[in-house]
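Structure record follows, encoded as structure tokens.
Per chain, numbering begins at 1; letters A, B, ... match sequence-line order.
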Number of protein chains: 2
Amino acid sequence: MSLLNLKPINKDRTLRANVVEQLREAIISGELAPGTKLVESQLSALLGVSRGPLREAIRQLVDQGLIESIPYTGTYVANITVKAIQELYSFRTELEQFAFKLVWENRGEDFRKELNSQLEKLTAAIKSNNKEAAIFEELELHNVVYKHCGHELLQDSWHRLRGRLHLYFTLHQQAHNRTGPYIDAHDKYVTLALGDDLDAMLNHVTEHMQQGYNKVENLVSDIRSHLP
Amino acid sequence: MSLLNLKPINKDRTLRANVVEQLREAIISGELAPGTKLVESQLSALLGVSRGPLREAIRQLVDQGLIESIPYTGTYVANITVKAIQELYSFRTELEQFAFKLVWENRGEDFRKELNSQLEKLTAAIKSNNKEAAIFEELELHNVVYKHCGHELLQDSWHRLRGRLHLYFTLHQQAHNRTGPYIDAHDKYVTLALGDDLDAMLNHVTEHMQQGYNKVENLVSDIRSHLP
DNA sequence: AACGGTATGATTGTTGACAATCATACCGCT
DNA sequence: AGCGGTATGATTGTCAACAATCATACCGTT
């Protein structure tokens, strides 16, 4: 049995899990704009689900920072603020540096393969001008690093950020309708990630994040001007 | 109105919030041992609450890592593993170093006061041999740092770890029935935190965490031998 | 005895109805 | 007009009953 490469089956086929997935998708794709009020009765009808599982799903998304809830008043798609963006990027910098420190001595052939393969997918998506895919593949590229750390807590933490990050990317893309100069940046990222200089990589992470931050920095005002 | 020092009122007086609080308290105090199966009908009867809010509370505690849930099968108080402890401590090291980097240039008089006052409380609790209080005050001491960062994401992340950390401390204390040499360690911690050498502080955090880790390292086997 | 299949009981998942709470609009007063 | 108070409608919070799923024990077969 050398082909014992089976993924753990997802037994979580509860309604709640499906609702989480659907809502998450709707939010990070921009379909549900930030600040939108989520009325339980409407949503439950829309999803063909009772309010019970819906509420449980909402609780989960609140913990992921995608939804804000005020008791007896309402639940809203998380609003975007400058501070939230700053925090996300500074925090993410620390997380990713930690990830590289962890993975550095354990980078094997599979790590290298996955990273390169993911870079190709990202490049292809950008070249074909498929913006949604480009966003997804960029996040997947970074995800490779976290996945190979073998650090569940770190991975969970990253997954928590990922949703909001995805949302910011989407909103930025919708506001400017251009993908930006991603390719070169990620070429260097991967090269360094497969190289021998950890410090150089860590510095590049800081720099890489700073670039990303600069891109979405004006998101708040951009959005206000685009969707008045 | 110079005495405008009012805390934001907690409008979250829903049953769900109360249940979260109660369950969290019961778990981190060791009242509900790790691995305990939580049967919804029993719990809801015990708490005098219906299963609806209880289930929502469980969802929240699952996200905090204090409860594990397997669909259609059962929910259990999170089990303790060596890997989980390692991850918690390594992750916490990064978090706290990040916190000090953030707070360093913004340490004001209030920061210093709170830190000292909290150290006194911790010392008092240890000297009076009040073990539960000592654990709480130690966590509160570290909490001061996170609180003054003004970084919500970091604070949320810390709060997520705090519950599990509290649990580990409690179990360690119950297994060995001694508080350990906390005082000196935290004296130095506070001294450095109020000093001028950030690098020294960061190094001490690593060291401090390592000490903490060493203490709870054998928790898994300890527990197995104490509660067979 | 070991294995495969099946019935049973318990537990979780889900639902629709009911109660508590809040935001809005309206009215009267100053 | 501006302010305070009150009724109303909508929405969230909560509950108790029903359905789906799973773990266990039992039984027959090989």
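Within 6.0 Å of atom CD in B:Glu152, 12 or fewer heavy atoms from other residues, nucleotides or ligands are found, so the atom counts as exposed in its surroundings. By the neighbour-count criterion of 12 heavy atoms within 6.0 Å, atom CD of B:Glu105 is sparsely surrounded, having that number or fewer from other residues, nucleotides or ligands. Taking a 6.0 Å sphere around NZ of A:Lys83, one finds it holds more than 12 heavy atoms contributed by other residues, nucleotides or ligands. The number of heavy atoms from other shown groups lying within 6.0 Å of CD (A:Glu31) does not exceed 12.
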In residues 159-166 of chain B, what donor-acceptor pairs under 3.5 Å come from side-chain atoms, sequence neighbours left out?
from	atom 1	to	atom 2	distance (Å)
B:Arg160	NH2	A:Asp63	O	2.9
B:Arg162	NH1	B:Glu140	OE2	3.1
B:Arg162	NH2	B:Glu140	OE2	2.9

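Note on A:Glu137 versus A:Lys121: no salt bridge recorded, every NZ/NE/NH1/NH2 to OD/OE distance being 4.0 Å or above. The pair B:Glu96-B:Arg92 meets the salt-bridge criterion, with a side-chain N (NZ, NE, NH1 or NH2) lying under 4.0 Å from an Asp/Glu carboxylate O.
Distance B:Tyr76 OH to D:dC22 P: 13 Å, rounded to the nearest Å. The separation between B:Arg51 atom CZ and D:dC15 atom P is 13 Å, rounded to whole Å. Distance, A:Tyr72 OH to C:dC22 P: 8 Å, rounded to whole Å. Atom pair A:Asn18:CG and C:dG13:C1' shows a separation of 13 Å (rounding to whole Å applied).
The side chain of B:Thr73 contributes no N or O atom lying less than 4.0 Å from OP1 or OP2 of C:dT11.
In the region residues 52-59 of chain B, proximity to DNA chain D at under 4.0 angstrom, judged on heavy atoms, holds for B:Pro53. The stretch residues 35-48 of chain B does not touch DNA chain D, since none of its heavy atoms comes less than 4.0 Å from the strand.
B:Leu171 is listed as a side-chain neighbour of B:Pro34, based on a closest heavy-atom distance under 4.5 Å.
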